[in-house]
K.L.:
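Take a look at this one; I'll ask things after.
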Amino acid sequence: LYSYMCENKEHSKKELCNMKNVKKGFMMDRLVCEEIKKLGYNNFALIDYLDQQQREVMKGQNETDRQMAAQQRQLSKTERQINNLVTQLSATDDTSTTGYIRDAINSLHLEKQKIVDQMNDLKQIARAKDYSIREMQLMQLLISDFAHTIDSMSVTQKREMIRKFVSRIEWNGETLD
């Protein structure tokens, strides 16, 4: 499935690592697939772990939602203040007062922009958490089905599965463990 080479060796064009490449990559592929299959057969602990992680992310999502609601209330309050000041500005003829009102409007406008920026940040966080939850749900589904379906998968599908489960493989340059 894969060609296995040390990342340092690959990125430095063989300058930073003299470790041998895995000569029989298919053996490494088979070992990786067998280890992932074991997860599928004994997946209770892993699925419980993913459930726990999902609950933690959801707790964080609830906090993000609470912060978003608070920011929305603050934004509405700031917009009402700006509208009141604009109404006062249009009703006054006193030039010394209009300067103060304009300064207050400008200050509130800057505050409003900060709130909008914070809300945008919170929206990005919420999207990332939602994505994490969906990834964990997909991982649970894949794990439970993987052991039974890996042998019927195409090479491309196996590669995609390995990418989802394995972030790195280590070997000592001599033997596959």
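Quantities reported herein were computed from a predicted structural model and do not represent experimental measurements.
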K.L.:
At what distance, to the nearest 0.5 angstrom, does CD of Gln72 lie from CG of Leu122?
P.N.:
11.5 Å
K.L.:
Assess whether side chain to side chain contact (heavy atoms under 4.5 Å, CB included) is satisfied between Gln88 and Leu85, documenting all intermediate values.
P.N.:
CA-CA 5 Å; Gln88 288 178 9; Leu85 287 171; 3.7 Å; yes
K.L.:
Do any N or O atoms from the side chain of Ser90 and from the backbone of Thr87 form a donor-acceptor pair under 3.5 angstrom?
P.N.:
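Checking the backbone N and O of Thr87 against the side chain of Ser90, a donor-acceptor pair under 3.5 Å is found.
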K.L.:
CZ/Arg127 to CD/Gln61 distance, rounded to the nearest 0.5 angstrom?
P.N.:
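CD of Gln61 is found 11.0 Å from CZ of Arg127.
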K.L.:
Kindly say whether Gly60 contributes a backbone atom to a donor-acceptor pair with the side chain of Thr64 at under 3.5 angstrom?
P.N.:
yes
K.L.:
Do Glu111 and Gln81 get their side chains close enough for a donor-acceptor pair, meaning under 3.5 Å?
P.N.:
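Side-chain D/A pair, Glu111 to Gln81: absent.
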K.L.:
In Å and rounded to the nearest 0.5 Å, what is the OG1 to CG distance from Thr78 to Leu110?
P.N.:
11.5 Å
K.L.:
I'd like to know whether CE of Met58 has more than 12 heavy-atom contacts from other residues, nucleotides or ligands below 6.0 angstrom.
P.N.:
no
K.L.:
With sequence neighbours left out, which residue pairs that include part of residues 66-88 fulfil the salt bridge (Lys or Arg N to Asp or Glu O under 4.0 Å) condition?
P.N.:
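For residues 66-88, and leaving out neighbouring residues, the salt bridge (Lys or Arg N to Asp or Glu O under 4.0 Å) pairs sorted by first residue read Glu63-Arg66, Glu79-Lys112.
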K.L.:
When rounded to the nearest 0.5 angstrom, what distance separates OH in Tyr100 from OG1 in Thr92?
P.N.:
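So the OH of Tyr100 and the OG1 of Thr92 are separated by 13.0 Å.
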K.L.:
Measuring from Asp94:CG to Leu89:CG, what's the distance to the nearest 0.5 Å?
P.N.:
11.0 Å
K.L.:
As a quick check of understanding, evaluate side chain to side chain contact (heavy atoms under 4.5 Å, CB included) for Leu31 and Glu34, giving each step before the final call.
P.N.:
CA-CA 5 Å; Leu31 287 173; Glu34 290 301 318; 5.6 Å; no
K.L.:
Checking Gln118 against Gln67 for the side-chain hydrogen bond (donor to acceptor under 3.5 Å, both in side chains) test, could you report, in this order, the C-alpha distance in whole Å, the side-chain angles of both residues, the deciding distance, and whether it holds?
P.N.:
CA-CA 10 Å; Gln118 290 170 346; Gln67 290 175 352; over 6 Å; no
K.L.:
Kindly compute the distance separating CD1 (Ile115) from CG (Asn120), expressed to the nearest 0.5 Å.
P.N.:
12.0 Å
K.L.:
Distance-only, no hydrogens or angles: does the Ser107 side chain make a donor-acceptor pair with backbone N or O of Ala104 under 3.5 Å?
P.N.:
no
